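Structure, as structure tokens:
As a basis for the values below, the full set of heavy atoms in this structure was taken, side chains included, without hydrogen atoms, waters or symmetry mates. Computed from a predicted model, the values in this text were never measured in an experiment.
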Amino acid sequence: MDRNKKMKIESEDRHRAASGVSWWEKPSYLFEIGLVVLALALRWVYLNEVRTNPFFLNPTLDAGFHLQWARSILAGNIWGTDVFFRAPLYPYLLAVFHAAADGDLYVIRIFQHLIGAFSVWGVYRLTRAWHSESAAKIAGFIAAIYAASIYFEDELLLDFLLMPLMLGLLYAMSRFQKKPIGRWALITGLGAGIFAITRPNILLCWPVMAMALWQWSRSEFTNKPRVKHIALLALGTLLPVLPVTVRNAVVGDDFVLISSQGGINFYIGNNAKADGLSAAMPRPWGHTWQLTDIQRHAEEQSGRTLKPSEVSNFWLREGVRWWSEQPGAAVKLTLKKTIMLFSNMEVANNQNIRHFWDSYAKVTRYLPTKYLGFGLVGPLGLLGLFMLTRRTPLAKWTLWIMLVYAVSIIIFFVPARFRLPLLPPLFIGFGVFVIELINRYKEQNRHRLALLIGPALVLMVVSFGPWYQAAPATNAQSVFQLGNAALRTGEFDEAARQFRQTLLLHPNYENAHLNLGVVYLRQGELDLAVKEFEAELAAYPQSAKAYANLCSARGLQNRPMDAIQAGEKALQFDPENAMAILNLSRAWWAVNQPKKALALLEAAPESVKKSPAGRDALGGTYLKLNRLAQAEEVLRPLANQEVHLDPTEALGIDQQTLKEELGYTKLTEHEARANYNLGWMLVMQDNRAAAMAYFQKAIAIRPEFDEAHANIGAALISEGRPDSAMVHFQRAVELKPNEPGYIHNVGIAWLHKGDTLAAIRQFERVLELDPHFASAAAKLRELRPQSPTD
């Protein structure tokens, strides 16, 4: 700072001091406490209002993925089995919260809101250190009532952590500026490293931090302190990052610094179909893309198996190629992303934030930041930081960090949560701007006041202007997600209502017809389900998921050839679609073609073959073909509960759906069936006594397993224990009242108990249900001459 500027600032400070110091300009512990209480109170009210929303206990998409990852860590899968696709800090922290809260998602969110309230206090403190108490009060207050911050603290997303991390980084840098010693250089580096394993693009700002520390640690005699401080900055950054890099190399046999999503995210934000705002891939993948889909495409195009870093590099090259082929479109899209980054609109790629507030968070109606959020804080905060550069050089370097970080967002895509790290310095700048505005107004200097208001109005016009429409953040998206939440919890009528509402808002909303069809499928309304799957295919002819579900519905309608046709079509568009593989294998079974089912299952990806549903299908097929050793090899790990899912193996946008398709959400059903099939294998070897233990284990795992009850009854009959057999036969009938075979078993048990009349009544009922049931007809011919007359 030159001498003239310093004298001017000191003169302004003396003038304010001479005019008296108001309570507003005096530091006050009471205000600090009140600020934190206000922040906590708003968050408490918000938390208790939104706990009624369907996503609260059943988070979807990214939030659902983080929760599953955290639970996998707590289940013992600490290291995972592949390179991290996403930065790992938040899922591990979420696992700590989960353990401390005993899995209570309400308490977990309390932890996150406490961190948010601490950030509000940090904004206040840092503003006071950089400027004044009055600016700090304003900055702290706007941070406390900022609606978007409260929203993201309540979501199971990593981004809310970036605000306290940015505050910590700026605090460490300010301490180093005041006292350039090695300890603060190391702590600044640690802050950058911890930030990086949460959101890696902060590393692009590292050169700016290094230049700032280099400048502040200058010496008239030697550069040694500078070199030492930069080395400590680098060491501090590496301390959190290096373990992640080594873990990726050891576990995944690949050099990935932190995570492998960078190239994929670059392509998402830089292709001919990109909107620059949402995490959607071009068709045929769309917004429900999965990592396996885009990895397979990259490998097909490359002609070989690719490591995660190579998959990332493939998509990075695809994005760069689009830039080289269509530079005009690329520049136009980048301009859109730049404007939208500083827009007042809260663009979300998971749900429509304002629609969510209107539906579940009444408290936001009283927060001006719901309507005047980033559009106010962004422009005024930037101008305030520019003015703050007169007082502290740290403001200048902060602006550079913000600029580089903003560029690191723009080169990808720009949903609202990505800009959260920019908020703490903008809150500080906002407080400074308001105080400067008040001071200039008091001075009654219209020229200086206009120099402040003019640029602010220009920037606010840019921020509030309706320059672009945020297509992904429509009400249809939010309603669709509400339908998904209801579907996951088995509230089928509510799910159907939400999906129908989605289609009213957007007649061809992707996957709306598909998911409505899934609801009908689960309700047993097969004709309606088929109609919806066909409607989805009319709008999206390459939807492998629609064909896979159509295969399931046709199979349940006893139309196996139609099911086979739909299944093969699904695999034409997605050769590794788990649902299509499993449904088509059942269709081949239905037409008595177990060898074709086996060929399909044996060629399936390992993730399918080793899943609960895959092992169930493959082991059952081996058993049908009398390949007992192979059946046992496949089924025994499942029967012994040794099959688990690592979320990093099947990372994708629609992780929950994938888990359902592969049978992880119905693990006990597949474990029970595996034990049942192992028991049946022993029956085939005439070892009913040993089979009994497996049938009983199947029932212990799944008490409503009707087939196991039937087979236990058969084994008990063979042992001459009809009374015990009757219990299991009748339980099977209770579970499936119209199954002729189970009713026939009850008749057999009555015969063994010596009650001919009771047996006859059961066999007659069998023939009412199935007139061609030969065994029941034979028993009746045999028994009726022996029955007494009335």
Side-chain angles (χ1 to χ4, degrees), residues 58 487-493 495 518-526 529 552-553 555-556 558 579 582-583 586 589-590 611-617 619-620 623-624 635-645 659-683 688 691-717 721-750 762 765-766 769-770:
N58 298 282
L487 179 59
R488 292 181 62 192
T489 56
E491 300 173 70
F492 297 134
D493 290 338
V518 170
V519 171
Y520 290 140
L521 188 64
R522 295 187 182 181
Q523 290 179 319
E525 299 284 352
L526 301 181
S552 177
L556 292 171
N558 293 318
M579 180 181 289
L582 295 169
N583 288 341
R586 297 185 191 105
W589 266 59
S611 70
R615 286 182 180 273
D616 191 346
L623 192 59
K624 188 173 182 68
L635 293 172
R636 192 162 294 283
L638 181 58
N640 293 338
Q641 301 181 332
E642 296 171 1
V643 177
H644 304 286
L645 175 67
K659 286 167 65 66
E660 290 176 0
E661 291 174 2
L662 296 179
Y664 290 99
T665 57
K666 295 183 178 180
L667 188 56
T668 55
E669 290 186 21
H670 294 290
E671 289 172 352
R673 185 169 293 279
N675 278 283
Y676 169 79
N677 280 335
L678 288 174
W680 189 247
M681 184 177 67
L682 291 168
V683 170
R688 286 187 176 272
M692 177 74 79
Y694 285 100
F695 293 145
Q696 288 175 333
K697 185 177 178 183
I699 289 175
I701 296 171
R702 185 184 166 205
E704 69 278 11
F705 196 165
D706 52 287
E707 292 175 82
H709 280 290
N711 276 282
I712 288 178
L716 291 169
I717 285 290
R721 298 165 60 189
D723 290 333
S724 299
M726 180 68 80
V727 173
H728 289 281
F729 286 152
Q730 289 181 334
R731 178 59 178 150
V733 172
E734 289 174 10
L735 293 167
K736 282 194 177 179
N738 295 319
E739 174 57 45
Y742 296 164
I743 300 169
H744 180 271
N745 288 341
V746 175
I748 297 295
W750 280 119
Q762 297 301 318
R765 187 180 167 203
V766 170
L769 293 169
D770 182 1

Would you call Phe705 and Arg673 a side-chain contact if the rule is heavy atoms closer than 4.5 Å?
-> yes
So Trp750 and Met726, side-chain contact (heavy atoms from CB on, under 4.5 Å) or not? Walk me through it.
-> CA-CA 8 Å; Trp750 280 119; Met726 180 68 80; 3.5 Å; yes
Would you find a donor on one side and an acceptor on the other, under 3.5 Å apart, between the side chain of Asp770 and the backbone of Val766?
-> no
Looking at CZ of Phe695 and CG of Asn675, how far apart are the two atoms once the value is rounded to the nearest 0.5 Å?
-> 10.0 Å
Flag side-chain contact, heavy atom, 4.5 Å: Pro722 against Leu716 | no
Does Lys697 use its side chain to pair, donor to acceptor, with the backbone of Ala639 at less than 3.5 Å?
-> yes
When the aromatic ring centroids of Tyr676 and Tyr694 are compared, is their separation below 6.0 Å?
-> no
Is a side-chain N or O of His728 found less than 3.5 angstrom from the main chain of Ala708, in a donor-acceptor match?
-> no
Lys736 versus Tyr742: any side-chain heavy-atom pair under 4.5 Å?
-> yes
Please name the pair of heavy atoms, one in Pro737 and one in Ile743, separated by the smallest distance, quoted to 0.1 Å.
-> O-CD1, 3.5 Å
Between Glu739 and Asp706, is any pair of side-chain heavy atoms under 4.5 Å apart?
-> no
Look up atom CG in Leu623 and atom CG in Leu635, then write down how far apart they are to the nearest 0.5 Å.
-> 7.5 Å
For Leu526 and Ala553, the nearest pair of non-hydrogen atoms, with its separation, is CD1-O, 4.4 Å
Minimum heavy-atom separation for Gly620 to Asn677, with atom names?
-> CA-ND2, 4.1 Å
Please name the pair of heavy atoms, one in Ala691 and one in Gly679, separated by the smallest distance, quoted to 0.1 Å.
-> CB-O, 3.1 Å
So do Ile748 and Gln762 actually touch side chain to side chain, heavy atoms under 4.5 Å?
-> no
Side-chain touch Arg731/Leu735, heavy atoms, less than 4.5 angstrom = yes
Distance-only donor-acceptor check, side chains Asp493 and Gln523, under 3.5 Å = yes
Around atom CH2 of Trp589, are there more than 12 heavy atoms of other residues, nucleotides or ligands at under 6.0 Å?
-> yes
In this structure, CD1 of Ile712 is separated from OG of Ser724 (nearest 0.5 Å) by 11.0 Å
Is it true that Glu671 and Arg702 have a side-chain N and a carboxylate O under 4.0 angstrom from each other?
-> no
Which pair of non-hydrogen atoms, one from Ile717 and one from Ala725, has the smallest distance, and what is that distance?
-> CG1-CB, 3.6 Å
Least distance between heavy atoms, Asp616 atom then Leu638 atom = N-CD2, 4.1 Å
